[in-house]
Protein chains: 2
Amino acid sequence: MTQASERPGRRPTIADIAARAGVSPTAVSFALNDRPGISEQTRARILAAVAELGWRPNVAARALGGRRADTVGLVVARPARTLGVEPFFAQLVSGLQARLSTDLVALQLLVVEDMSAELDVYRRWAAERRTDGVVVLDLEQDDPRPEELVRMGLPAVLVGGDGTPGPVPAVFADDHAAMTALAEHLAALGHVQVGHVGGIPAYVHSARRVAALHDAGSRLGLHVTTVPTDFSQDEAAAATRALLARDERPTAIVYDSDVAALAGVTVLAEAGLSVPGDVSVASFDDSELVRLAHPPLTAMTRDTFELGELVAATTLSLVRGERVPDVVGAPTPELTVRGSTGPVPGGAA
Amino acid sequence: MTQASERPGRRPTIADIAARAGVSPTAVSFALNDRPGISEQTRARILAAVAELGWRPNVAARALGGRRADTVGLVVARPARTLGVEPFFAQLVSGLQARLSTDLVALQLLVVEDMSAELDVYRRWAAERRTDGVVVLDLEQDDPRPEELVRMGLPAVLVGGDGTPGPVPAVFADDHAAMTALAEHLAALGHVQVGHVGGIPAYVHSARRVAALHDAGSRLGLHVTTVPTDFSQDEAAAATRALLARDERPTAIVYDSDVAALAGVTVLAEAGLSVPGDVSVASFDDSELVRLAHPPLTAMTRDTFELGELVAATTLSLVRGERVPDVVGAPTPELTVRGSTGPVPGGAA
DNA sequence: GACGCCGACTAAAGCGCTTTAGCATCGACA
DNA sequence: TGTCGATGCTAAAGCGCTTTAGTCGGCGTC
């Protein structure tokens, strides 16, 4: 408690510091912001006063002067309750957080109903100068958000996208290559009938995965059947049952998310099918959940935490007016083979 | 795009509205804040101008005038990477978020290394007027945070605690009663040797659970062995192995968290033990993970999302200066029996 | 008819910081 | 010797809003 204020009970302001250091408030401001025009001596005196009085900037006052809010926003248009389920999301937020906090930038989280509510929030934030920039998830085909954000003048960074330059910079991981690797793994094991429990087709990354799997399939001689879902466990379970009911029952099933894969494994167990004896299972998203399953699932591993850090770093650069490439490359997810994929049953392999 | 500004390119301010409505800025401010002294007529005219110009308050300017920042903070002192794993945490944040956002209050998230860093953040936030209040997790024995927060004048709400009034209000769920119910369930199934993979002993809620289980045990004739862990899967697995290696091998194991329980189940499977045939398993935390396990685990169910909402509502009341009870009761977790608990093997039951 | 009061509104100050314009002072240079 | 340009600093305005201290006209009261 070394804090002492000139006017007791009040938090020290730069005026207090100025008085203590025997200079004008302007000089204090200059010293604090590393602007030229202050001698080393004076600067030192000012900084000493700052330390003695325990002064901290009042963010509101700073922001009023048209400065940064030192806050980055993340608006998610998904049912709030589902967020707790998706490890991807929590990991991403942790990563974002970790990087932002080293620069003392805060993360504002907001969960909304749908995209129109999301856009409203952006408008509000832009108007209120509440955030310096935002991170945008779940890009859709013909997504209106990038353009709207540009129009509002709110800096934004996209997570995902299709790898082509757009109105706002994107951090992009090559799902296409990853899915191709997964297809090759299954083909090498002799699988031909491959089921795919996909995500929401409107999402660009879901669509890319579907395309990649089918492309690779036609090249490798796989018969791929995709069933789209809304990423929920119920739909994933239903999709699994639908795949099992087909005439040509798949000998391998690829799930777009870890949660979906677990739901699928449960369905397979209920159906009395062994993994990977009867059906091989692979998850596109790796996570703790997937590792804890029986057997642990083969999955495409990527470091979502690291992805979050990369997105955060990109956003910080953008906000600070540095040049940011249109597309920032994130590491391509890599195949981690675990016990859930094996040779096709009764196959030649 | 009906927005039009008096001074093109600039966002409308109350001065613009005042001009348009033919009143003074003061009148606009009064109208916007529902203060008396403005006729209905004038008020309507002002609000019309607000709508026409698409005016939004500048939060910074508001905050400068000593008002709320409309932001609640949450600082978590845990390794950032572990957050993605814990469904509890994500659910809590979702719930907080959901309740706060209905009042247009933002949630600031910050992950730090340890409690001293956490306290630093509180100090900074208090000084910068960045948040109106904070939510505090993971209360420890002799935790310095409540008192420090009171000293800083930063309103705070505790999640957890021991149910006794402290310097700051707490939202409290009766873990003791919950753990007792779980013990009774196991006793009814004939179990006597009960293992307990606990959490971090320094945490008040962990300690309460241990105490509850042992109390109930001595009442019901259970032999309870608690092994503390740091909540990580590695330690949970190790603890499970330690329990299995004991002379009196437990016929039932209680895990303090869902993630720990899953890790434990994996260890049991590797040891060739069936659940619940050889060993019954119960998790104190319920979650999607637990439901997806094989077999689905018996667990104490509580609505963590709802808990988050309750905490948020309490914090909002506190911040607004309303009276808040010292201890706000959250629903006691309820026992959900699933397939992982069964009669003691070879027992009389 | 003077007085006080009330309702409706305004002027102006102030919140804490940044920024622009400007003012001395001093050395260098022609 | 006078001018120019740095250098180091200050005065003052301004950011957008809230709030305090009025002002002003009208109405009721004695």
Side-chain angles (χ1 to χ4, degrees), chain A residues 5-7 9-47 49-50 53-70 124-130 132, chain B residues 5-7 9-47 49-50 53-70 124-130 132:
Chain A
S5 170
E6 313 294 84
R7 292 165 290 177
R10 296 181 68 285
R11 203 161 282 291
T13 72
I14 53 169
D16 299 321
I17 296 174
R20 181 150 190 141
V23 294
S24 72
T26 310
V28 176
S29 177
F30 275 45
L32 290 170
N33 292 288
D34 284 327
R35 285 156 139 276
I38 305 289
S39 69
E40 262 325 308
Q41 251 189 10
T42 310
R43 182 183 308 271
R45 199 147 32 89
I46 290 173
L47 294 181
V50 164
L53 295 183
W55 175 90
R56 305 276 190 151
N58 176 320
V59 275
R62 274 212 167 142
L64 230 203
R67 308 277 300 194
R68 314 244 144 77
D70 278 338
R124 187 156 57 84
W125 279 357
E128 298 178 351
R129 297 273 141 71
R130 206 184 254 277
D132 301 324
Chain B
S5 170
E6 314 294 86
R7 292 165 289 177
R10 294 182 69 285
R11 204 160 281 292
T13 71
I14 53 169
D16 298 320
I17 295 174
R20 181 150 190 141
V23 295
S24 71
T26 310
V28 176
S29 176
F30 274 44
L32 290 170
N33 291 289
D34 283 327
R35 283 156 140 277
I38 305 288
S39 68
E40 262 325 306
Q41 252 188 10
T42 310
R43 183 185 306 270
R45 201 146 32 89
I46 291 173
L47 294 181
V50 164
L53 296 183
W55 175 90
R56 305 274 192 153
N58 176 319
V59 275
R62 276 213 166 142
L64 230 204
R67 309 276 300 195
R68 313 243 144 79
D70 279 338
R124 188 156 57 82
W125 279 358
E128 297 179 352
R129 295 274 141 73
R130 206 183 254 278
D132 301 323

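First the proteins, then the strands, lettered A, B, ... as listed; each starts at 1. Atoms considered below: every heavy atom in the structure, side chains included; atoms not considered: hydrogens, waters and symmetry mates. The model shown is predicted, which means the values in this text are computed figures rather than measured ones.
P36(B) comes within 4.0 angstrom of no nucleic acid atom, judged by non-hydrogen atoms across all strands. V23(B) comes within 4.0 angstrom of the backbone, heavy atoms only, and of no base.
Across all their heavy atoms, A49(B) and I17(B) have their closest contact at CB-CG2, 3.8 Å.
Applying the side chain to side chain contact (heavy atoms under 4.5 Å, CB included) rule to S29(A) yields the partners N33(A); only residues at least two apart in sequence or on another chain are considered.
To the nearest angstrom, C1' of dC9(C) lies 11 Å from CZ of R45(B). In this entry the distance linking CD of Q41(A) with C1' of dC9(D) reads 13 Å, nearest Å. Counting to the nearest Å, the C1' atom of dC6(C) and the CD1 atom of I38(B) are 15 Å from each other. The separation between F30(A) atom CZ and dA12(D) atom C1' is 13 Å, rounded to whole Å. To the nearest angstrom, C1' of dT20(C) lies 15 Å from CG of N33(A). Taking atom CD1 of residue I46(B) and atom P of nucleotide dC9(C), one finds them 8 Å apart after rounding to whole Å. One can place CG of N58(B) at 6 Å from P of dC17(D), the figure rounded to the nearest angstrom. The distance from atom CD1 of I17(A) to atom C1' of dC9(D) is 17 Å, rounded to the nearest whole Å.
W55(A) is listed as a side-chain neighbour of L32(A), based on a closest heavy-atom distance under 4.5 Å.
Across dT10(C), dG16(D), dC17(C), the shortest atom-to-atom separation from the side chain of S24(B) is found for dT10(C). Proximity note for S29(B) (side chain, C-beta onward) versus dC17(C), dT18(D), dA11(D): the nearest is dT18(D).
Residue R35(B) holds its CZ atom at 11.0 Å from CZ of R43(B), rounded to the nearest 0.5 Å. Taking CD1 of I14(A) as the start and CG of L53(A) as the end, the distance is 12.5 Å to the nearest 0.5 Å.
Taking side-chain N and O atoms only, R35(B) has a distance below 4.0 Å to OP1 or OP2 of dT19(D). When the side-chain nitrogen and oxygen atoms of T42(B) are compared with OP1 and OP2 of dC9(C), one or more of them lie within a distance under 4.0 Å. A close approach under 4.0 Å does not occur between any side-chain nitrogen or oxygen of R62(B) and OP1 or OP2 of dG16(D). Here T13(A) does not reach the OP1 or OP2 of dG16(C): none of its side-chain N or O atoms lies under 4.0 Å away.
Put simply, the side chain of T26(B) and the base of dT18(D) share no donor and acceptor less than 3.5 Å apart. Side-chain to base pairing of S39(A) with dT7(D): no donor and acceptor N or O lie closer than 3.5 Å to each other.
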